[in-house]
Amino acid sequence: MLVSWNTTNQCNMFCDHCYRDAGLKLSEELNTEEGKELIREIKKAGFKIMIFSGGEPLMRHDIFELGDYARQQGLRPVLGTNGTLITSEVATKLKEAGFAACGVSLDSLDAAKNDSFRKLENAFNLTLEGIDNLREAGVPFQIHTTVMDWNVGELEALTDMAVKLGAVAHHIFFLVPTGRGLNIEEEALRVREYEQTLARIMEKQKSVDIELKPTCAPQFIRVADKKGIPVRFSKGCLAGISYCIISPRGDVQPCAYLDLRLGNVRETPFSHIWNENPVLQELRTMDYKGKCGICDYKARCGGCRARAYYYSGGDYMAEDSWCLYRPRETKEQEAYGQG
């Protein structure tokens, strides 16, 4: 079980795809003591891994204190960052605070394209410097890439770069239209290319030792199965089942891209929201509609609930229309002339 806390909306970038629409710090973001109470509640709810993200979490003055507190509570703290603020001193502080790993964003091997997407001059070089500093400090890191129509051809080369840099994994994020991502929905991969890209990623996995993980693309489990590639993940879409997210102001959502506010931790303890909220209870039934409901991969894939919600016009239990797979039951119905 893992949970992500967007510790702040403040960010030194203004990325095209940001689901949080980050940039300026919001009024009434959770303070240090509220953050520690949240950490205690997260532990109480049974979570094991806590992601500190943003905005850019390194813009919080107390991020090292909060990470250390999470470690003291028995959680595994990790950082989601753009990497540009990781000086040698910051990397050492992350190590001393007990951060177990960092996820660092890098979207292209072309510095100009990467910097244009991230809206920060020299972002590419600053990110690479941050990665070097993490490696020198002994903090494990993985590379995060958001795949779009303009960088989809670079994925294998980005994986090779991740290997060269010493990353432990390369996680590839597929766009779900929310936040500023709504403005670039047309740049997302279409259905057939989405499937082909999953196949490419899983094929690349055969030739590298680091973990490749498509994110917001639960169908990768089916693709890996078909290719005989073992994966350590038992479930594709975790939203509301073993994952959720908390906003800078304390609002709880099933995932970053499923923009449903389930409650606020200032008003209701997080552990109560996690255990009792009816939306989360429904997601855990996995009583999906359409072909997701009859799919032989329902328990292991589940379809992307956020994408289902967006493209169905608001039904988070709808089928994920971006999946090309025809469930076995559908094939059997067609064979007997029932489809």
Side-chain angles (χ1 to χ4, degrees), residues 1-13 20 22 25-26 29-106 120 123 126-144 162 165-171 210-211 213 243-250 252 256 265 270-271:
M1 290 173 60
L2 71 160
V3 61
S4 179
W5 174 27
N6 293 151
T7 58
T8 182
N9 202 67
Q10 191 174 7
C11 192
N12 61 328
M13 292 184 170
R20 186 54 66 196
K25 182 179 180 179
L26 299 175
E29 294 185 352
L30 297 182
N31 62 32
T32 304
E33 290 309 310
E34 289 173 321
K36 289 182 177 180
E37 174 61 23
L38 174 60
I39 289 167
R40 291 192 293 270
E41 280 288 309
I42 285 170
K43 174 65 176 179
K44 180 179 178 180
F47 284 84
K48 305 297 183 184
I49 301 172
M50 184 170 180
I51 304 167
F52 292 81
S53 62
E56 173 49 57
L58 289 173
M59 298 190 80
R60 271 194 76 125
H61 69 88
D62 57 357
I63 194 66
F64 307 109
E65 180 182 353
L66 291 166
D68 182 56
Y69 189 77
R71 179 188 58 80
Q72 292 176 34
Q73 294 298 308
L75 295 169
R76 186 173 189 264
V78 299
L79 193 77
T81 174
N82 61 47
T84 60
L85 302 179
I86 303 178
T87 62
S88 179
E89 180 184 6
V90 166
T92 299
K93 287 183 176 180
L94 289 170
K95 178 71 172 179
E96 292 173 347
F99 279 92
C102 290
V104 183
S105 300
L106 189 67
L120 180 68
L126 289 171
T127 298
L128 292 184
E129 288 176 16
I131 287 171
D132 286 343
N133 291 328
L134 288 173
R135 187 174 57 248
E136 289 298 314
V139 180
F141 63 91
Q142 59 191 44
I143 301 299
H144 291 171
L165 291 171
V168 298
H170 183 200
H171 286 199
I210 69 171
E211 174 186 276
K213 166 67 163 57
Y243 170 76
C244 72
I245 191 166
I246 301 107
S247 80
R249 287 173 169 160
V252 179
V265 300
F270 171 79
S271 60

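Heads up: numbering here begins at 1 and tracks the sequence. Just so it is clear, the values below take in all heavy atoms, side chains as well, and ignore hydrogens, waters and symmetry mates.
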- prompt: If you take all heavy atoms of Val78 and Ala100, which pair is closest and at what distance?
  reply: CG1-CB, 4.3 Å
message: Can you see whether Asn6 engages Ser53 through a side-chain donor-acceptor pair at a distance of less than 3.5 angstrom?
response: yes
Within-4.5 Å side-chain heavy-atom neighbours: Leu165 and Phe141: yes
query: Side chains of Ser88 and Asn133: is there a donor and an acceptor less than 3.5 Å apart?
result: no
statement: Across all chains, not counting sequence neighbours, the side chain to side chain contact (heavy atoms under 4.5 Å, CB included) partners of Pro57 are Thr7, Ile63, Leu79
- request: Applying salt bridge (Lys or Arg N to Asp or Glu O under 4.0 Å), name anything that partners Glu34, two or more places apart in sequence or on another chain.
  value: Arg266
query: NE2 of His171 to OG of Ser105: how many Å apart, nearest 0.5 Å?
result: 12.5 Å
- prompt: Taking only residues two or more places apart in sequence or in another chain, which ones pass side chain to side chain donor-acceptor pair (under 3.5 Å) with Arg135?
  reply: Asp132
query: Minimum heavy-atom separation for Thr32 to Arg60, with atom names?
result: N-NH2, 3.8 Å
- request: Kindly write out the residues that satisfy salt bridge (Lys or Arg N to Asp or Glu O under 4.0 Å) with Glu33, not counting sequence neighbours, or none if the list is empty.
  value: none
- line: In terms of heavy-atom contacts, Ala123 and Thr84 come closest through O-CG2, 3.9 Å
task: Kindly indicate whether the side chain of Val3, heavy atoms from C-beta on, has any atom under 4.5 Å from the side chain of Ile245.
output: no
Sequence-distant partners of Phe270, ring pair (Phe, Tyr, Trp, His ring centres under 6.0 Å), two or more places apart: Phe47
message: Between Glu56 (side chain only) and Leu58 (backbone N and O only), is there a donor and an acceptor less than 3.5 Å apart?
response: yes
message: Could you tell me if the side chain of Met50 sits less than 4.5 Å from the side chain of Ile39, heavy atoms only?
response: yes
- request: Enumerate the residue pairs fulfilling salt bridge (Lys or Arg N to Asp or Glu O under 4.0 Å) with a member in residues 88-106, sequence neighbours excluded, ordered by first and then second residue.
  value: Glu89-Lys93
- request: Verify side chain to side chain contact (heavy atoms under 4.5 Å, CB included) between Met59 and Asn12, making sure each step is shown before the conclusion.
  value: CA-CA 8 Å; Met59 298 190 80; Asn12 61 328; 4.3 Å; yes
Contacts of Phe64 that satisfy ring pair (Phe, Tyr, Trp, His ring centres under 6.0 Å) - sequence neighbours left out: none
message: If you compare all heavy atoms of Cys244 against all heavy atoms of Val252, which two are closest, and at what distance to 0.1 Å?
response: SG-CG1, 4.2 Å
message: I need the minimum non-hydrogen distance between Val139 and Cys102, along with the two atoms involved.
response: CG1-SG, 4.0 Å
- line: Ile51 and Gly80 have their tightest heavy-atom pair at CG2-N, 4.3 Å
task: Please name all residues satisfying salt bridge (Lys or Arg N to Asp or Glu O under 4.0 Å) with Glu129, sequence neighbours left out, ordered by chain then number.
output: none
- prompt: Could you give the distance from CD1 (Ile49) to CD1 (Ile42), rounded to the nearest 0.5 Å?
  reply: 12.5 Å
field: Non-hydrogen side-chain atoms of Gln142 and Val104 separated by less than 4.5 Å
entry: no
message: Side chains of Arg249 and Leu26, heavy atoms from C-beta outward: is any pair under 4.5 Å?
response: yes
field: Flag side-chain contact, heavy atom, 4.5 Å: Asn9 against Glu29
entry: yes
task: Report yes if the side chains of Trp5 and Pro248 come closer than 4.5 Å at any heavy-atom pair, otherwise no.
output: no
ring-ring contact (aromatic ring centres under 6.0 Å, His included) pairs, two or more places apart, involving residues 79-101: Phe52-Phe99
Lys36: salt bridge (Lys or Arg N to Asp or Glu O under 4.0 Å) partners, not counting sequence neighbours: Glu65
His170: partners by ring pair (Phe, Tyr, Trp, His ring centres under 6.0 Å), with sequence neighbours left out: none
query: Which residue pairs satisfy the side chain to side chain donor-acceptor pair (under 3.5 Å) criterion with at least one member in residues 37-51, sequence neighbours excluded?
result: Glu37-Arg40, Arg40-Tyr69, Glu41-Ser271
- prompt: Going by heavy atoms in the side chains, are Leu126 and Asn82 under 4.5 Å from each other?
  reply: no
- prompt: How many angstroms lie between CD1 in Ile86 and OG1 in Thr92, if you round to the nearest 0.5 Å?
  reply: 11.5 Å
query: Which distance, rounded to the nearest 0.5 Å, do you find between the CD1 of Ile246 and the CG of Leu30?
result: 9.0 Å
